[in-house]
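Reading through the structure tokens given below for one structure.
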Amino acid sequence: LVAWNVMISGCVHAGQDELAFCLYCEALQEGCAPSHVTFVSMLKACSGGGAPLEGMLIHCDVIESGLQGLVMVGNSLIEMYAKCNRLEDAAHIFSKLSKHNIVTWNARIAGHAHQGYAGEAFGDFQRMLLLCVEPNSITFISILIAFSGPGSLFHGKVIHCYIVEILDNCDMPIVNALIDMYVNSGSFELALQVFNQMSKRDIITWNAMIGGCAKFDRHEKALQLFEQMQCSGLEPD
RNA sequence: CCCCUUUCCC
């Protein structure tokens with residue numbers, strides 16, 4: 001079983017979703033009982049390709065296996081339905097899951113955020129805080145995605161302040177998400193301000209900021225940053 | 001083998 005899981009998760013990581021399906025079917029035909037690891041990988045394969053029908057088939061197998069109560073499996077089901085644009089089904093899984101951990105909340109917040117339901121995402125965020133679930137980096141990134149759009153600059157700033165207030169040092173992915181939020185919310189100046197204040201930058205930081213320059217027609221600034229990036233020793237990708 | 005996340009592509 002572990003051998004099957006290694007191959008299946010390997011395919012999913014490599015983006016070979018259909019191959020993962022073939023292997024999954026073969027494993028079943030050989031009488032192998034899938035484990036929660038198998039399901040997590042297979043549900044990810046369905047999310048990646050936006051394959052709700054396959055996802056539902058896997059969901060049926062999950063129920064048959066009796067593993068549907070495991071929080072990891074539930075989280076993967078929520079993610080799969082959210083990525084297949086089926087937020088109602090994701091919500092249904094969420095409500096039936098007795099144990100919600102930080103990943104469960106993050107999956108829901110990210111699901112709402114990516115589909116433009118900023119209010120829902122923020123509501124989830126507030127509810128998890130009320131339940132005293134500690135937000136982590138991924139929570140903050142997900143809520144920033146919710147407010148990455150025209151007209152949400154104010155909310156984005158509020159979240160930014162909140163993050164600064166409760167975190168003494170944000171890690172790079174959060175700051176990268178902040179830059180992206182400001183770019184998409186229409187404030188090039190604030191994005192640049194955050195960028196300039198960073199002590200460390202990775203390739204995503206540079207890409208986000210250079211892409212931001214392009215969106216605001218600041219081509220000379222984009223070129224300048226591009227050169228600066230290479231001076232800092234990073235290769236463009 | 002082990003669930004959620006940020007740039008770009010789609």
Side-chain angles (χ1 to χ4, degrees), chain A residues 1-15 20 23-24 27 32 34-50 58 62 67-83 90 93-94 97 99-114 121 124-125 128 133-148 156 159 163 170-184 191 194-195 198 201-215 222 225-226 229 234 236-237:
Chain A
L1 172 65
V2 173
W4 285 110
N5 285 343
V6 171
M7 289 198 289
I8 289 173
S9 73
C11 289
V12 176
H13 280 121
L23 289 169
Y24 177 76
C32 220
S35 71
H36 65 107
V37 180
T38 324
F39 289 131
V40 165
S41 297
M42 288 313 299
L43 289 167
K44 194 187 286 239
C46 302
S47 340
I58 305 293
V62 167
L67 295 172
Q68 72 270 43
L70 285 183
V71 64
M72 246 189 208
V73 174
N75 292 345
S76 296
L77 282 167
I78 291 171
E79 189 210 348
M80 183 277 291
Y81 281 123
K83 293 218 167 126
I93 304 289
F94 184 88
L97 203 57
K99 284 180 78 73
H100 296 163
N101 63 13
I102 181 64
V103 177
T104 324
W105 285 103
N106 289 346
R108 251 183 89 72
I109 294 172
H112 282 134
H114 280 293
D124 288 334
F125 180 62
M128 69 168 272
V133 179
E134 281 283 328
N136 63 14
S137 301
I138 295 177
T139 319
F140 291 124
I141 292 168
S142 303
I143 200 72
L144 284 170
I145 297 169
F147 294 128
S148 287
I159 300 295
I163 292 173
C170 320
D171 44 13
M172 237 188 297
I174 295 184
V175 190
N176 291 344
L178 276 170
I179 292 177
D180 194 49
M181 182 276 290
Y182 280 127
V183 165
N184 289 313
V194 172
F195 179 85
M198 294 177 76
R201 306 182 180 106
D202 62 13
I203 187 69
I204 294 181
T205 319
W206 289 101
N207 287 344
M209 198 60 239
I210 293 172
C213 293
K215 281 182 190 153
L225 289 175
F226 184 67
M229 175 180 117
L234 276 175
D237 64 2

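Proteins get letters first, then strands, A, B, ... in listed order; numbering begins at 1 in each.
- Panel note: side chain A:Asp180, backbone A:Asn176; no donor-acceptor pair is recorded below 3.5 Å.
- Annotation: salt bridge (charged side-chain N to carboxylate O under 4.0 Å, His left out) contacts involving residues 70-83 of chain A, sequence neighbours excluded, comprise A:Glu79-A:Lys83.
- The salt bridge (charged side-chain N to carboxylate O under 4.0 Å, His left out) analysis of residues 100-112 of chain A, with sequence neighbours excluded, yields the pairs A:Arg108-A:Asp124.
- Aromatic ring centroids of A:Trp206 and A:Phe226 lie 6.0 Å or more apart.
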| request: Quick one, give me the B/S/- string for nucleotides 3-10 of chain B, reading 5' to 3', where B means a protein heavy atom under 4.0 Å from the base and S means that only happens at the primed atoms, P, OP1 or OP2. | output: BBBBBS--
| field | Intra- and inter-strand pairs of RNA chain B in dot-bracket (Watson-Crick or G-U wobble, both distances under 3.5 Å; | for another strand) | value | ..........
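- The closest donor-acceptor contact from the side chain of A:His100 to the backbone of A:Phe94 lies under 3.5 Å.
- For A:Ala191, the side-chain contact (heavy atoms from CB on, under 4.5 Å) partners two or more places apart in sequence, or in a different chain, are A:Ile179, A:Tyr182, A:Val183, A:Met209.
- Scanning for side-chain contact (heavy atoms from CB on, under 4.5 Å) contacts around A:Leu1 gives A:Asn5, A:Cys32, A:Ser35, A:Thr38, with sequence neighbours left out.
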